[in-house]
Protein chains: 2
Amino acid sequence: MSLSPANAPRPDEDAVLAGDPLDRSKDAFIAHWADMGSSWGVPRSVAEVHALLFIEGRPLCAEDIMERLQVSRGSVSTTLRTLADWGIVTRSRQRGERKEFFEAEQDVWNLLSLIVRARKRRELEPLLAALEDTKAVADDDASADPAALKAHLARLDSMHDALRRLDRLSDRFIGRGGKGLDVAVRLLSSLL
Amino acid sequence: MSLSPANAPRPDEDAVLAGDPLDRSKDAFIAHWADMGSSWGVPRSVAEVHALLFIEGRPLCAEDIMERLQVSRGSVSTTLRTLADWGIVTRSRQRGERKEFFEAEQDVWNLLSLIVRARKRRELEPLLAALEDTKAVADDDASADPAALKAHLARLDSMHDALRRLDRLSDRFIGRGGKGLDVAVRLLSSLL
DNA sequence: ACGAAGTTTCAATTTGTTCTGAAATCGAAG
DNA sequence: CTTCGATTTCAGAACAAATTGAAACTTCGT
């Protein structure tokens, strides 16, 4: 869906040669990473651009990405902004070039930490705030059956407590220059 | 989703349930849980049904759900099957009733474990298998520049290793009757 | 200050997903 | 084995999300 299988090979050195096994392996990686992304609510094209930058391991400009993934200028621009907001892709100006270049975080644990951080901010924190409001609404209810009210609040609390604990935990992960997740996983692997 | 034309968000909700503060609190919970679900790739109505069953804390039948959430029979059926597949909702027959009833897992840590288990199976494992294939494709490449090939394989490996470690870790979490996640979080909280 | 190169924005469109509703199927009770 | 209530299926309708493309904007060099 993303790449044409067997185009006329272009002699241009930046062109994609579908026949090159190394590029085919890169394409496969991009496709799988995009599949994963899309089942986790990350727009496919965002995941594709990230995968490309990660697997290339070198700065690319907007045009490189457009050609390689066959997507529009607008899409690339939007997508790169998203990735930059999440902190997993960084902009860099190249000396003597007017274009901007983009590069993906190469350390996988750091990458995962940045993803956790972004999602925590965007989703977990608002949910925690909303749950507090929800508890307040029920708390103000004088009219309900006391037993039902108590049970309801207990359910809200158990959910709220668990999520808050995950939230605090993720603060620690992401507080150690990206190495927290790595440390935590190693620790648990030996302890559990 | 809604039967009404185009404007106010979920007007039927208010019409049917406006009076009771406890129900309003439940509705708020359902809405927030659904928001979270939809940003994690869970269909909104699946998250809504789950939230309803969780927050009610008692078995409901298909018709109860249809009326409460104002969705169709077909949607409820599909949704309940999905939730049952993930293991976070269980079917139960009620004595003297021909209908099936459905009940949500009430222990939050167990719930989270079940979710992790389902997503691991559905997404992480296939990705790991795909990454192995991807490495094999590149490995077979005799024609490429050896340095580029080596760098490429190193990137694939770092990703593969990290994800495999997360995979193995999640095996431990979910192996302890749902308490593994709880234990792990408590452990890390004290150690980190 | 101007023009060229590069980037962003956004309305329209395309693409993909979810929901509905009625028909087919299932299965327990008589 | 027939009936009747409950459940599942599925084609099409309704909806939501992502992408495009072109205009507007920004930035740099001269």
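Computed from heavy atoms alone, side chains included, the values below leave out hydrogens, waters and symmetry copies.
- Atoms CD (E48(A)) and C1' (dT15(C)) sit 14 Å apart, rounded to a whole Å.
- I30(B) is not listed as a side-chain neighbour of E56(B), based on a closest heavy-atom distance of 4.5 Å or more.
- At least one side-chain heavy atom of V71(A) sits less than 4.5 Å from a side-chain heavy atom of V76(A).
- For L60(A) and dT7(C), the CG to P distance is 13 Å, given to the nearest whole Å.
- A cation-pi arrangement is found for R119(A) relative to W40(B), the charged atom lying closer than 6.0 Å to the ring centre and inside a 45° cone about the ring normal.
- Salt bridge present: E63(B) and R73(B) bring a charged side-chain N and a carboxylate O closer than 4.0 Å.
- Note: CE (M66(A)) to P (dG6(C)) measures 12 Å, nearest angstrom.
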Quick tally for nucleotides 3-8 of chain D: nucleotides whose base has a protein heavy atom under 4.0 Å get B, sugar-phosphate-only ones S, the rest -, giving -B-SBB

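- Salt-bridge annotation for D182(B) and R186(B): present, with a side-chain N of the basic residue lying under 4.0 Å from a carboxylate O of the acidic one.
- Look at CZ on R44(B): it is 13 Å from P on dT20(C), rounded to the nearest Å.
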F54(B) vs S158(A), side-chain contact (heavy atoms from CB on, under 4.5 Å): CA-CA, chis, key distance, verdict: CA-CA 11 Å; F54(B) 175 83; S158(A) 69; 4.2 Å; yes

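- L69(B) places its CG atom 15 Å from the C1' atom of dT18(C), with the value rounded to the nearest Å.
- Contact annotation: S75(B) reaches the phosphate of dT20(C) (side-chain N/O to OP1 or OP2, under 4.0 Å).
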